[in-house]
Amino acid sequence: MNELETILKEAVAQAYEKAFHAVIATDDIVIEIPKDQSHGDYACNIAMKSAKALHQNPRVIAQQLVEALDCPQIAHCEIAGPGFMNFTMNKDTMRNVIDVVLAAGDDYGKNDSGAHRKVNVEYVSANPTGDLHLGHARGAAWGDSVSRIMQASGYDVCREYYVNDAGNQIHTLALSLMARYLQEFGIEKELPEDGYYGKDVINIAKAIKEQYGDAYVKQDEMIAYAFFREQGIQLELDKLRRDLDLFRVHFDVWSSELSLHESGKVEAVLEKLHDLGHTYEQDGALWFRSSAFGDDKDRVLRKSDGSYTYLVPDIAYHITKFERGFDLLVNLWGADHHGYIPRMKAALQAMGKNPDQLEVDIIQMVRLVDNGEEVKMSKRTGNAVTLRELCEEVGVDAVRYFFVQRALDTHLDFDLTLARKQSNDNPVYYAQYAHARICSILRQVTDVKSCPSYELLEDAKEIQLLKYINEFPGVVQDAAKLRSPNKVCNYIQKLAAYFHSFYNACKVIDPTNEELSAQRLALLKATKITLKNALALIGVEATEKM
RNA sequence: GUCUACGUAGCUCAGUUGGAUAGAGCAUGCGCCUUCUAAGCGCACGGUCGGGGGUUCGAAUCCCUCCGUGGACGCCA
């Protein structure tokens with residue numbers, strides 16, 4: 001919501017009270033920009049909404065509201081269609097946005113709708129057993145953008161990565177790494193059946209060979225295993241951090257599963273669930289009565305061989321998040337984990353926490369498409385396309401933009417053929433080009449200042465651009481609330497389109513009209529600031545030259 | 001089979017507390033550079049919003065049902 005919409009809402013609310021002697025909440029009043037420009041600058045549908053309650057024809061209600069309306073920013077108001085009120089604003093009011101943007105600069109778009117609520121956003125959290133693939137890339141781009149947007153909206157955001165450094169998969173990693181290491185010395189050694197066949201494990205084996213030579217070829221197997229286990233985690237994590245860094249994704253907290261075991265927090269969960277009477281023994285295993293908390297069946301906590309299922313440390317982990325005092329926990333999970341939500345919430349509730357504080361956003365699958373055909377990725381052959389390769393091939397900006405422009409719940413096809421082209425088919429170039437074009441014009445002048453008046457900005461394209469710049473803070477707020485960075489992408493595309501359209505219609509620097517030039521330059525700078533701030537929210541560079 | 005998402009133009013997709021004639025990009029066709037970046041702009045073409053029923057002043061949006069697609073249904077993580 002921007003300033004003008006707030007003003008309009010309040011004006012409508014006052015008119016409503018005056019005309020009908022009834023109070024209406026400003027939150028119930030919807031102000032929107034009509035698709036059709038001939039319907040004015042803003043429209044309100046409150047007359048139709050309240051037709052039932054007031055037992056009157058919507059057009060009659062609208063008429064009474066218009067008569068009661070008292071707002072200096074409104075030039076005039078028309079009643080249209082079934083009962084819409086179409087507002088046309090004073091042009092000077094609309095033009096004010098230029099000075100607002102120039103004064104705010106990098107802060108334009110920021111808002112305090114988050115009210116300093118403490119939010120934990122956990123994303124990626126890929127096991128340190130391989131390279132990041134397309135699904136992780138989508139999660140990384142999305143989670144990072146959501147964090148940026150929420151931060152800009154006044155939330156207190158903590159970005160977190162949960163490292164599964166304790167489960168079976170780490171055992172398998174150690175064995176895989178050991179085998180690759182021995183292979184480096186020409187020793188025939190099979191990887192385990194479900195081993196990790198990726199290039200990354202081979203590279204790590206090489207690095208270990210580089211540093212330690214053949215010291216672990218004839219080493220005692222137990223000692224060697226411990227060594228490869230520890231080194232594997234460390235080197236895999238180092239690589240993950242480097243790749244994410246390249247992708248402009250950074251975390252505030254890296255949580256370790258192993259440390260939860262070592263500190264006794266995992267054990268404590270089991271004890272507490274037992275003490276509360278939410279567990280029972282059956283077939284030699286210990287079960288959690290999760291069906292009592294909305295799950296469709298009960299879950300095993302401790303297997304008959306005495307080891308824990310993944311659920312136990314996961315509960316312990318989420319409890320630590322509660323202990324750290326977050327108001328909201330946001331998790332980004334792959335679609336293959338969506339069935340896991342009810343049992344996690346059940347566990348939190350059983351542990352005495354409010355499960356509604358946990359909100360899980362599901363990332364739909366990404367398919368890799370090349371030459372019109374799906375590329376099947378095989379864990380066995382390790383042929384999956386990695387995040388790093390993707391960034392090197394098409395650039396970080398394009399990859400980030402690609403993953404964030406679509407809603408999270410759509411199945412996404414990543415078209416490699418298209419991405420490889422590195423051409424203007426990619427929407428990110430369209431927005432970056434707009435920014436570069438603006439920079440090119442601004443380079444021709446020494447300084448752009450706020451103007452005493454913007455009355456010469458009268459072209460329809462200028463007004464359209466102005467109006468849309470004015471929308472930005474509302475878009476950011478909306479994107480934060482719905483955790484939908486794609487809304488920002490849509491905004492960027494439209495803002496760029498309005499700019500390009502304006503550019504073609506109006507010559508910015510007009511030597512014959514200094515005053516008009518100054519006003520247009522100010523509009524241009526406001527556009528540049530808005531565009532740059534919007535791109536920053538999704539971690540994309542605002543290019544100065546192309 | 002059960003659960004859970006999704007289905008909008010030839011293709012990829014916007015469209016959120018239900019609003020006015022359903023929108024972009026790509027592709028196709030036609031225009032626009034002696035003028036600030038043509039990676040651009042303008043115009044045209046393109047639709048049973050998966051099918052059917054319901055709710056109401058009004059439905060792509062909400063409800064039911066059917067069809068199709070993905071995913072999940074483990075003492076794996």
Side-chain angles (χ1 to χ4, degrees), chain A residues 27-28 30 32 34-36 38-39 43-45 48-49 51-52 57-58 80-84 86 127 129 164 166-170 172 194 257 282-287 296-297 299-311 313-314 334-342 362 364-365 367 369 372 405-413 415 418 422-434 436-445 461 478 481-482 484 486-487 489-490 493-494 496-497 499-511 517 520-521 524 543 545-546:
Chain A
D27 285 348
D28 292 334
V30 177
E32 56 181 10
K35 277 176 261 177
D36 190 335
S38 69
H39 290 145
C44 181
N45 65 355
M48 290 175 293
K49 288 241 173 209
K52 202 169 270 178
N57 182 306
F84 286 100
N86 293 338
N127 288 340
T129 56
N164 288 103
N168 273 335
Q169 74 283 358
I170 297 302
T172 307
D194 56 349
E257 177 189 350
Q282 191 183 308
D283 305 327
L286 184 73
W287 294 71
D296 32 318
K297 52 183 154 186
R299 308 290 171 179
V300 170
L301 296 172
R302 194 182 57 224
K303 298 179 249 177
S304 49
D305 68 1
S307 65
Y308 297 153
T309 62
Y310 58 95
L311 184 58
D314 260 18
D336 53 340
H337 283 66
H338 88 264
Y340 186 50
I341 299 172
I362 291 300
Q364 276 303 332
M365 295 290 170
R367 287 197 320 160
V369 176
Q405 71 173 333
R406 303 292 179 223
L408 203 60
D409 56 13
T410 57
H411 306 125
L412 186 65
D413 283 346
D415 188 337
L418 185 78
Q422 206 161 353
S423 71
N424 51 343
D425 291 343
N426 199 314
V428 72
Y429 290 114
Y430 183 77
Q432 289 181 322
Y433 182 59
R437 251 183 165 177
I438 295 172
C439 290
S440 164
I441 299 173
L442 292 178
R443 271 194 292 273
Q444 297 181 29
V445 297
K461 302 290 187 190
D478 215 32
K481 188 178 159 205
L482 300 168
S484 300
N486 55 316
K487 303 241 175 233
C489 283
N490 293 340
Q493 285 303 303
K494 211 164 162 186
F499 162 71
H500 284 308
S501 183
F502 155 73
Y503 178 90
N504 270 267
C506 307
K507 178 129 169 101
V508 177
I509 299 174
D510 181 350
S517 299
R520 283 187 171 160
L521 280 166
L524 209 64
T543 326
K545 276 183 187 172
M546 284 175 84

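Chain letters run A, B, ... following the sequence lines, proteins first and then strands; every chain starts at 1. Here the structure is a predicted model, which means the values were calculated and not measured.
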How far, in whole Å, is [M] from [N] if one measures between their [atom1] atoms?
N	M	atom1	answer
B/C33	B/A24	C1'	26 Å
B/C11	B/C73	P	32 Å
B/G15	B/A72	P	26 Å
B/C26	B/A39	C1'	15 Å
B/C45	B/A5	P	39 Å
B/A9	B/C3	C1'	33 Å
B/G19	B/G58	C1'	7 Å

What does [X] touch in the nucleic acid at a heavy-atom separation under 4.0 angstrom: a base, only the sugar-phosphate, or nothing?
X	value
A/Asp409	sugar-phosphate
A/His500	sugar-phosphate
A/Ala434	nothing
A/Ser501	sugar-phosphate
A/Asn127	sugar-phosphate

For the side chain of A/Asp336, counting heavy atoms from C-beta on, which of B/G74, B/A72, B/C36 is nearest?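 The answer is B/A72.
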
RNA chain B: stems of at least 3 consecutive Watson-Crick or G-U pairs whose donor-acceptor distances fall under 3.5 Å: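 The stems are B:1-7 with B:67-73, B:10-13 with B:23-26, B:28-32 with B:40-44, B:50-54 with B:62-66.
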
Answer yes or no: does atom NZ of A/Lys481 have more than 12 heavy-atom neighbours from other residues, nucleotides or ligands under 6.0 Å?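 Not more than 12 within 6.0 Å, no.
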
Check this one for me: any side-chain N or O of [X] less than 4.0 Å away from OP1 or OP2 of [N]?
X	N	answer
A/Lys461	B/C41	no
A/Gln444	B/U35	no
A/Thr410	B/C13	no
A/Tyr503	B/A38	yes
A/Tyr430	B/C41	yes
A/Lys494	B/G23	no

Closest-nucleotide mapping onto RNA chain B: is A/Tyr308 or A/Gly81 further toward the 5' terminus? I mean the 5' end.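 First, find each residue's nearest nucleotide; the 5'-ward one identifies A/Gly81.
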
Find which nucleotide of RNA chain B each of A/Asp413 and A/Cys506 is nearest to by heavy atoms, and output the residue with the more 5' nucleotide.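 Its nearest nucleotide lies further toward 5', so the answer is A/Asp413.
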
Return the orientation label for the A/His337 and A/Tyr340 ring planes: parallel under 30°, perpendicular over 60°, tilted otherwise.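 A/His337 vs A/Tyr340 ring planes: perpendicular.
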
Stacking here means centres under 5.5 Å and planes under 30°; does A/His338 stack on B/A72?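 Not stacked by the 5.5 Å and 30° rule.
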
